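All values derive from a computational prediction rather than experimental measurement.
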Amino acid sequence: MRRVPRPTHGPVAIATSPWIVVGAGVVVMVVLLIVALGAYRGRSPAPDGAQPPALPVPSAVVAPSVPTSVPSPAPVLPGISGRASGLPPSAAAGSGSPSVDPTVGPTGKPTATRSPSRAAQGQPAMTGRYRVVQSFDGGFIGEVAMVNTSARSRGWTVRLEFSGGRLVTAWVEGVPQGTIRQSDDGFTYVSGVEVSPGGSVSLRFHMERASHTPRECTVDGARCNGL
């Protein structure tokens, strides 16, 4: 009898058996699929509810501050505005307020006596003080500051005389202006408004080519202080 030859192994067997090639390809595909699934599951997804990182917020731009307008001060009124001063210490000590001196009268009851005011003792009702505010080449600015030491509102008249020179102008700040009467040796200024009791007002004037010290300075006929 003839023996049946045994099948040969190796490349010849693979070539003669195509199912072996197909089976090997299927195994390789399964392995690659398993590797891909493992790589996909190895990634750590973001937890539920996690927020993305916040972007830096630029700092707020501060607008430059705008300066507020300051209201201009109210016009100066003698005896009413903040510039008006009270009585000086010397005038306050001898003002016209009554001083009570308890004495026993014929009926046995204390009586009050009223001390005389400074006006009754010869003190002028309007006092004035002269000074030089500013001096410059060819002239100066002078001032007569007045205080009403009486118990009622009153007007005033200033008389100034200089040895030579020329008056440029005279004025009172913040109130209606008065009347100026010029003469060869000086000028007279009559007030336009009255000054309340205890109030003050200042007359200023500009002189050219004149001595800083006037030859005469009076307020309502009374000599000015400060000369």
Without swapping roles, check the side chain of [X] against the backbone of [Y] for a donor-acceptor pair under 3.5 Å.
X      : Y      : value
Gln134 : Val132 : no
Thr149 : Pro124 : yes
Ser191 : Trp156 : yes
Asn148 : Met126 : no
Glu161 : Pro214 : no

I'd like to know whether the aromatic ring centres of Phe187 and Phe205 sit less than 6.0 Å apart in this structure.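 Ring centres of Phe205 and Phe187 closer than 6.0 Å.
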
How close do [X] and [Y] get, heavy atom to heavy atom, and via which atoms?
X      : Y      : result
Ala170 : Leu203 : CB-CD1, 4.4 Å
Val144 : Gly128 : CG1-CA, 4.4 Å
Val147 : Ser200 : CG2-CB, 4.2 Å

Given side chains that start at C-beta, do those of [X] and [Y] come closer than 4.5 Å, heavy atoms only?
X      : Y      : value
Ile141 : Phe136 : yes
Tyr189 : Val172 : yes
Ser202 : Arg131 : no

Are there more than 12 heavy atoms of other residues, nucleotides or ligands under 6.0 Å from atom CZ of Arg215? yes

Answer with yes or no whether the hydrophobic clustering places [X] together with [Y]; edges join I, L, V, M, F, W, Y residues whose side-chain heavy atoms lie under 4.5 Å apart.
X      : Y      : result
Leu227 : Val158 : yes
Met146 : Trp171 : no
Ile180 : Phe140 : yes
Val26  : Ile34  : yes

How far apart are the C-alpha atoms of Arg159 and Ser183, what are their side-chain angles, what is the distance that settles it, and do they pass the side-chain hydrogen bond (donor to acceptor under 3.5 Å, both in side chains) test? CA-CA 11 Å; Arg159 173 65 185 170; Ser183 59; 3.1 Å; yes

What residues, two or more places apart in sequence or in another chain, satisfy side chain to side chain donor-acceptor pair (under 3.5 Å) together with Arg166?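 Only Glu208 meet the side chain to side chain donor-acceptor pair (under 3.5 Å) criterion with Arg166.
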
[atom1] of [X] to [atom2] of [Y]: how many Å apart, nearest 0.5 Å?
X      : Y      : atom1 : atom2 : result
Asn225 : Tyr130 : CG    : OH    : 14.0 Å
Glu216 : Arg223 : CD    : CZ    : 8.0 Å
Leu167 : His206 : CG    : NE2   : 9.0 Å
Leu32  : Leu37  : CG    : CG    : 11.0 Å

Quick one: side chain to side chain contact (heavy atoms under 4.5 Å, CB included) partners of Ser153, sequence neighbours excluded?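 Counting only residues at least two positions away or on another chain, Ser153 forms a side chain to side chain contact (heavy atoms under 4.5 Å, CB included) with Glu194, Ser196, Pro197.
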
